[in-house]
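Per chain, numbering begins at 1; letters A, B, ... match sequence-line order.
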Number of protein chains: 2
Amino acid sequence: MPRIRHERFDCSPGCTVEGTLRYIDGKWKGVVLYHLFEGTLRFNEIRRRIPNCTQRMLTNQLRELEADGLIARKIYPEVPPKVEYSLTPRGRSLEPVITALKVWGDANVTLAPEVSQAAA
Amino acid sequence: MPRIRHERFDCSPGCTVEGTLRYIDGKWKGVVLYHLFEGTLRFNEIRRRIPNCTQRMLTNQLRELEADGLIARKIYPEVPPKVEYSLTPRGRSLEPVITALKVWGDANVTLAPEVSQAAA
DNA sequence: GCACATAGTGTCGAAAAGGATACCGCAATG
DNA sequence: CATTGCGGTATCCTTTTCGACACTATGTGC
């Protein structure tokens, strides 16, 4: 479950902003959503796209996104397990938001020079 | 200091999304930014607009936003202290992002029933 | 028989975020 | 003299988040 940022969302006129943030807040949710905009992916396909994320964390994030109705989880009862993740319409409706975040990020999140080389 | 979501932002194609999130992540940053879009505000003016936020947390969030170059802090060396907060150009450039968050939130973050009647 | 791939789960512990409360100096106000 | 408003700090504590690591069952290939 994501951090519950405010138990009530009428605290202030801008609180739906925080409300949206509550859905995409979580260390890897933004990236997961981003990759799912490309299309349906299996668990390990996502995992390979986000190598820094541990299996347990990925499971957590996917479960939270599913609980929030943003992604759908389809299990194929085969014997090498197969699970596919895809966006729900609600999840897909986040696209402009993610896009806005990406646009700003591309312009402003300078993959910091000292970070990109040292990454200490 | 905000949570450092990823020490590297080249981990995955969608990582600038997370990079942007890093700036606005923090329990009250979204609301603070939202209010500052209205114009310059003094410390206690912001505080009164976000009554659920404690003084310590507000100070923290403002300091982080300042450190990230999103807001400017102007101190008037008067004897009843006076400090004004305003957006920097960089902060103002976040407006489309905050707006996208708000638009989605207004449509999808259903203010809990008892809340939405109060908001009506 | 052994390792590998699949999609997870369980437990532990460190670190960070966030909340509660008390305190600061100073001026004006009552 | 006491209180209020200003813009914070300092301290303590709880909750949440996140990462490391080990473990599961099943089927296939070697």
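- The CD1-P distance, from A/I71 to C/dA7, rounds to 14 Å in whole Å.
- Atoms OH (B/Y76) and P (D/dG8) sit 13 Å apart, rounded to a whole Å.
- Put simply, CD on A/Q55 is 15 Å from C1' on C/dT11, counting in whole angstrom units.
- At whole-Å resolution of the value, CG in B/L58 and P in D/dT9 are 11 Å apart.
- Heavy-atom minimum distance, A/T16 versus B/V109: O-CG2, 4.3 Å.
- Whole-Å rounding puts the B/K74 NZ to D/dG7 P distance at 15 Å.
- Residue side chain B/R56 does not reach the base of D/dG8 through any donor-acceptor N/O pair under 3.5 Å, judged by distance alone.
- The shortest distance between the side-chain N/O atoms of B/R63 and the OP1/OP2 oxygens of D/dG8 is below 4.0 Å.
- Between D/dC6, C/dG8, C/dG19, one nucleotide has an atom nearer to the side chain of A/Y85 than all others, and that is C/dG8.
- Between A/E45 atom CD and C/dA5 atom C1' there is a gap of 13 Å when expressed in whole angstrom units.
- Distance from the side chain of B/P81 is smallest to D/dC6 among D/dG8, D/dA20, D/dC6.
- Contact annotation: B/W28 side-chain N/O to C/dA17 OP1/OP2 distance is not under 4.0 Å.
- To the nearest angstrom, P of C/dA5 lies 11 Å from CZ of A/R47.
- Nearest to the side-chain atoms of B/V83 among the listed nucleotides C/dT6, C/dG19, D/dG8 stands D/dG8.
- Tracing side-chain contacts under 4.5 Å through hydrophobic residues (I, L, V, M, F, W, Y), one reaches A/L58 starting from B/L21; they form part of the same cluster.
- Note: B/F43 and B/Y85 have tilted aromatic rings, judged against thresholds of 30 and 60 degrees for the angle between ring planes.
- The side chain of B/R42 approaches D/dC6 more closely than any other nucleotide in the set D/dC6, D/dG8, C/dG8.
- Projected onto DNA chain D by closest heavy-atom contact, B/V79 and A/M57 fall at different nucleotides, the more 5' of which corresponds to B/V79.
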### Task
Start with the C-alpha gap between A/D106 and A/K102, add the side-chain angles, then the distance that decides, and say whether salt bridge (Lys or Arg N to Asp or Glu O under 4.0 Å) holds.
CA-CA 6 Å; A/D106 285 345; A/K102 178 147 174 45; 3.0 Å; yes
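- Atom CD of B/E78 and atom P of D/dG7 are 10 Å apart (whole Å).
- Remark: B/R48 is in phosphate contact with D/dC6, judged by side-chain N or O atoms under 4.0 Å from OP1 or OP2.
- Here the closest non-hydrogen pair linking B/L94 and B/F37 is C-CZ, 4.1 Å.
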